[in-house]
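First the structure, in the form of structure tokens, and then the observations on it.
No hydrogens, no waters, no symmetry mates; every other heavy atom, side chains included, goes into these values.
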Amino acid sequence: MAEGDGDDSPRTRADKLRNVYNQKYKADEFVKKGVYDQRDVDNINSNDLYVSQFIRKTETIQDAADRLHEALKWRKEIGVRDLTEASFPREFWDIGAMYFHKTDKEGRKIIWLKIAKHKKDPNTLPLIKKFFGFCFETAYNESPEDELVLLFDMTNTGISNLDMEMIKFVITSFKIYYPALLGYLLIYEMPWLFNAAWKVVKTWLSPEAQKKLKFVNKSDIQQYIAKENLPEHMGGTDTFEYKYVPSEERENEDNQNSDASKKRVTFADQDSPLYQSFNADSIENSYVRVNKSSLSNINRNAGPGGGNQEGNSFIGRLLTISPAEELRFVTDEDGKDAHDVISLKNTLPYPIAYKVKTTSPEKYKVRPSSGIVKPGSIEKVYVYLYQEHHLGVDKDKFLIMAVELNGDPPDNMSEYWKTVPRENIMDHRLRCVQVKRSDSRYSSDTVSVLSADDQITALNSKVDSLMEGHLALQKSIRLLILLQVLTLVLFIVFILYTYLYANSGPPQVKAEEGPQNSSTADRYCSGTLF
């Protein structure tokens, strides 16, 4: 358990974590190697509040130190301190898929996510993740001690809008990188097609985190947000329409209204590119404002991050590991070898090498004990407990180690592991638990733990298949409509042709004048009849 008895002030908790962290990691060396950003190191040495937010009551100080290390590495890798408004294409701002506007009934600022405006695209997902990271970093820096509300507006969403990787990143950001930032998550009008997806999402969350997940519709969303702060399609009276204003225009307006801005409340002068200014003028103008001073201070603090052992999956810097905390070996009276499965998922665009170790190698058979997880794939590691060692497994532990591979995999992985610097290795520990088959407490949980990543993969596959089928159906419908139009045109042409031809008829042939047409009486008088 995390230490927190006695004096539980941020300063005391931060000092405890710094002591453990400095004993285990050498920040100065990591800065020289380019693993850390010096600005982040300076921040953890001086920012007690930020450091203390890494400590969770259900975990140890050592766990918090590991998360702090992973956080600093992640911040350097993504370059979060150097991200600015200009780091992203104009369309990222114009589309209005994510913005800050209004507050809930408790005064928390609201992030609006318009899911219908997001289209699943693996090519743009890395930049979208950076965009989200920039937005969350901005929110944290504006008010490090304040929570906010994340609202998933799923109005008019369809299969093409379902992006599990994007949803997973957003939730992971609040679980790991900004654990003190989220008050709760509202999901508005979720289509029934997404039910299976959100069942998988719940497996990523601890019971406490699941309490922050709230599904709402037009009839009950006003329990959280006042009517005047809701748009009309949610039953509210707010007529706000998002419009992005470039920084140049905002600066010109700030210069023109400098006298008026001095009369505003303090926090209105510190608005960021994502925030709607909380004063009457900005609400009437209905667009997002930015103050130049806010942009200059947008990255003055660091955001927490690192690993997490909450829920059924440990989402690490390199791999997502399931189960998150323990391997469960179910035994019965038959004495057969018990086993469990470790799932390793790679969500990164490059391969990850892994290796599995245990404190009691004589008790277990691990297959495979090392290997490579390709980008976007999942590897299964089977751990077998030998029959003669069914007793006394509770003290055993497993260590999963992971490192990224640059270029082609080396021929000799054993030698490669010996040359990898310690700071480049992500590791995660699992404890062992023996469960009797008659103990039904674990049966359903075990299935959930082992199948969480499989469900994600299967769900993504089904979604992709549905999208392909949907596109094929759309093409078939367009082709059918085209054929119907052509058939109708041909039918009309046929009717017109038939009508015109029937009215004109064949030409009449006139009889020739001549003796043969003379009457019998004339021919008799003329003597030609005989």
Main-chain N/O of [Y] paired to [X] side chain as donor or acceptor, under 3.5 Å:
X	Y	value
Lys102	Ile110	no
Asn22	Arg18	yes
Asn47	Ile44	no
Ser377	Val373	no
Ser360	Lys363	no
Asp340	Val383	no
Lys380	Val341	no
Lys26	Gln23	no
Ser369	Val366	no
Lys105	Gln222	yes

Are the side chains of [X] and [Y] in touch, meaning some heavy atoms are under 4.5 Å apart?
X	Y	result
Met234	Leu151	yes
Met166	Leu125	yes
Arg429	Leu399	yes
Met426	Lys73	no
Pro410	Leu405	yes
Arg108	Asp146	no
His339	Leu385	no
Cys135	Met98	yes

Residue pair [X] / [Y], side-chain donor-acceptor N/O under 3.5 Å:
X	Y	result
Thr12	Asp15	no
Asp66	Gln62	no
Tyr178	Glu137	yes

Full working for side-chain contact (heavy atoms from CB on, under 4.5 Å) between Ile321 and Lys345: CA-CA 7 Å; Ile321 302 173; Lys345 182 175 182 180; over 6 Å; no
Salt bridge (Lys or Arg N to Asp or Glu O under 4.0 Å) assessment of Arg317 paired with Glu77: CA-CA 10 Å; Arg317 179 175 57 87; Glu77 290 173 358; 3.2 Å; yes
What heavy-atom pair brings [X] and [Y] nearest, and what distance separates the two atoms?
X	Y	answer
Ser87	Asp82	OG-O, 4.1 Å
Ala353	Met413	CB-CE, 3.6 Å
Leu162	Lys120	O-CD, 3.6 Å
Trp112	Asn229	CZ2-O, 4.0 Å
Leu348	Pro375	O-CB, 3.3 Å
Ile128	His118	CD1-CE1, 3.7 Å

Criterion side-chain contact (heavy atoms from CB on, under 4.5 Å) against Asp37, the qualifying member of Val35, Val41, Asp40: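 Going through the options one by one, the only one that passes is Asp40.
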Enter the distance from [X]:[atom1] to [Y]:[atom2] here, rounded to the nearest 0.5 Å.
X	Y	atom1	atom2	answer
Phe174	Leu181	CZ	CG	5.0 Å
Leu319	Ile342	CG	CD1	11.5 Å
Phe152	Ile115	CZ	CD1	5.0 Å
Phe92	Thr124	CZ	OG1	6.0 Å
Asp153	Lys114	CG	NZ	4.0 Å
Leu318	Ile352	CG	CD1	4.5 Å

Determine whether more than 12 heavy atoms belonging to other residues, nucleotides or ligands lie under 6.0 Å from atom [atom1] of [X].
X	atom1	result
Lys32	NZ	no
Lys24	NZ	yes
Asn217	CG	yes
Asp411	CG	no
Glu145	CD	no

Can you tell me how the ring of [X] sits relative to the ring of [Y], calling it parallel under 30°, perpendicular over 60° and tilted otherwise?
X	Y	value
Tyr384	Tyr382	parallel
Phe398	Tyr364	perpendicular
Phe131	Phe88	perpendicular

Axial cation check for Tyr36 ring with Lys76, 6.0 Å and 45° limits: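 Judged by the rule, Lys76 and Tyr36 form no cation-pi pair.
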Centroid-centroid distance, Tyr184 to Tyr224, less than 6.0 Å: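 Judged by ring-centre distance (under 6.0 Å), Tyr184 and Tyr224 do meet the cut-off.
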Ring center gap for Tyr21 and Tyr25 short of 6.0 angstrom: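 Distance test on ring centres: under 6.0 Å, yes.
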Basic-acidic side-chain contact under 4.0 Å: Lys418, Glu415: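 Yes, this pair counts.
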From CA spacing to verdict: side-chain hydrogen bond (donor to acceptor under 3.5 Å, both in side chains), Asp63, Thr60: CA-CA 5 Å; Asp63 293 330; Thr60 65; 3.1 Å; yes
Stepwise side-chain contact (heavy atoms from CB on, under 4.5 Å) test for Val356 and Tyr354: CA-CA 7 Å; Val356 181; Tyr354 71 89; 4.2 Å; yes
CA sep, side-chain torsions, deciding dist, call: Lys357, Asp427, salt bridge (Lys or Arg N to Asp or Glu O under 4.0 Å): CA-CA 11 Å; Lys357 293 184 176 182; Asp427 54 34; over 6 Å; no
Leu230 and Lys218: CA distance, side-chain angles, deciding distance, side-chain contact (heavy atoms from CB on, under 4.5 Å) verdict: CA-CA 10 Å; Leu230 288 171; Lys218 185 182 291 188; over 6 Å; no
Steps toward side-chain contact (heavy atoms from CB on, under 4.5 Å) verdict (Leu186, Leu150): CA-CA 6 Å; Leu186 293 178; Leu150 182 63; over 6 Å; no
Trace of the salt bridge (Lys or Arg N to Asp or Glu O under 4.0 Å) decision for Glu326 with Arg328: CA-CA 6 Å; Glu326 61 185 28; Arg328 296 170 180 172; 2.7 Å; yes
